[in-house]
2 protein chains.
Amino acid sequence: MWISRRTDYATRAVLALSLAGGTQPMKLQELADRTAVPLSVLEQIMPVLRTAGVARSERGRSGGYRLNHPPGKITLETVVRLFEGQLAPIACATRKEPESCSMMCGCSLRSAWEEIRDNTIDLLGRTTFADLAAGAAGPWLDSDQIEPVD
Amino acid sequence: MWISRRTDYATRAVLALSLAGGTQPMKLQELADRTAVPLSVLEQIMPVLRTAGVARSERGRSGGYRLNHPPGKITLETVVRLFEGQLAPIACATRKEPESCSMMCGCSLRSAWEEIRDNTIDLLGRTTFADLAAGAAGPWLDSDQIEPVD
DNA sequence: ACTAATCTTTATATATTCTATCAACATTCT
DNA sequence: AGAATGTTGATAGAATATATAAAGATTAGT
């Protein structure tokens, strides 16, 4: 239970934008409705995605968000890392600057944590939002995607 | 970064007891020294392991803790679950009673979270403390293990 | 019996993080 | 000019994690 609400929200938002096609920007309000994320929270999350180059925004009356790259170029790892930081399950097993172990033995637990870390990163890195979009189902795919927003 | 301090401490303690052999109980104070865990925290952690049947204790002057089963019968999963609860990375991907998804589509993200969950549980379930003890190295294995405590 | 050593249990304080909301601001289009 | 939209920063509230301390219960040894 380590994926925070924000990370959950962010991945939902990127999936929603992936499904939308990107021919026109999607408003925060609609994104909030589709992903069931509070608008006020999206207001904090989307700028992070924008700054990281994952999404792109337009302001003003016909503004909104769209992806900055094709969904196939955006991995789950990219988005999750933005909000979770280190993906190792424990500080002594990070790839960069692991915290030194204060235990009185060559602690073999670290190998186990590292293996979990590698499995996790591998899967997140292999999964693109094109994959996720292909696996999605429901109301969006049929009509809403084409229907104009206004 | 989802393994809490308590879980870390608990796994260290079980590893320490695994390395000790179990011919005599180990005092909380010594366990604290070997694992670099504050004694006051071990006082909370060890009863949990005891109640769960992982460890067994003896009180009084020559008391202390030892494992209740051979290390090969105790998996990392058992200990981690005691302190972390659900192992799924997110509430919608638990094996029992997953939280329903409020998103407006058949959310394909869940499959990814489930895959991470399964990888993680599989690895934790396969790893016993006998495996970990075999991989350990350092001062304990040479002398301390045999040396009487008092 | 008494005492000392040890585990047991409970209460509590502190810090940290997470979550959500709101308000003021900047930009764009009509 | 005005309305709709994204941008930013402040903040409050809740939940969780962590550590400490104190009082109790049990056992071993004398």
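Sequence lines set the chain letters: A, B, ... in the order given, protein chains first and strands last, and positions in each chain run from 1.
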Practice task
Just call it for A:S40: base, sugar-phosphate, or nothing, with non-hydrogen atoms closer than 4.0 Å on any strand.
Solution key: base
Practice task
Find the distance A:L28:CG to D:dT8:P and express it as a whole number of Å.
Solution key: 12 Å
Practice task
Examine the side chains of A:T7 and A:E84 and answer whether a donor and an acceptor come within less than 3.5 Å of each other.
Solution key: yes
Problem - A:Q86 and A:R81: side chain donor to acceptor below 3.5 Å - result: no
Problem - Atom-to-atom span, CZ of B:R50 to P of C:dT8 - whole angstrom - result: 5 Å
Practice task
Go through D:dT20, D:dG6, D:dA25 for me and flag the one nearest to the B:Q44 side chain.
Solution key: D:dT20
Problem - Closest to the B:R59 side chain, choosing from C:dT21, D:dT18, D:dT26 - result: D:dT26
Exercise for the section: Take the protein atom CD of B:E84 and the nucleotide atom C1' of D:dA17, then report the distance between them rounded to whole Å. Expected result: 11 Å
Exercise for the section: Please work out if A:Y9 contacts a base, only the sugar-phosphate, or nothing of the nucleic acid, heavy-atom cut-off 4.0 Å. Expected result: sugar-phosphate
Practice task
Could you tell me whether B:D118 and B:R95 make a salt bridge, using a distance below 4.0 angstrom between a side-chain N and a carboxylate O?
Solution key: yes
Exercise for the section: State whether B:R66 and B:E58 are salt-bridged, where the test is any N-O pair (Lys NZ or Arg NE/NH1/NH2 against Asp/Glu carboxylate O) under 4.0 Å. Expected result: yes
Fill in the blank from the handout: To the nearest angstrom, the CG-P distance between B:L42 and D:dA21 comes to 15 Å
Handout entry: Among A:L19, A:D131, A:L15, the one residue meeting side chain to side chain contact (heavy atoms under 4.5 Å, CB included) with B:S108
Key = A:L15
Fill in the blank from the handout: DNA chain D nearest-nucleotide lookup for A:P47 and A:G60: closer to the 5′ end is A:G60
Handout entry: Rounded distance in Å - CG (B:L39) to P (C:dT8)
Key = 12 Å
Exercise for the section: Classify the nucleic acid contact of A:S57 as base, sugar-phosphate or nothing, counting any heavy atom under 4.0 Å across all strands shown. Expected result: sugar-phosphate
Problem - Spacing of A:W2 atom CH2 relative to C:dT17 atom P, expressed in whole Å - result: 18 Å
Practice task
Return yes if the base of C:dT10 and the side-chain atoms of B:E43 contain a donor-acceptor N/O pair under 3.5 Å, otherwise no.
Solution key: no
Fill in the blank from the handout: Atom CE of B:M26 and atom P of C:dT6 are separated, to the nearest Å, by 14 Å
Problem - Presence of B:Y65 side-chain N/O under 4.0 Å of C:dT6 phosphate oxygens OP1/OP2 - result: no
Completion exercise
B:R61 atom CZ is separated from D:dA25 atom P, nearest whole Å, by 21 Å
Handout entry: Closest-nucleotide ordering on DNA chain D, the 5'-leading residue of A:T51 and B:E58
Key = A:T51
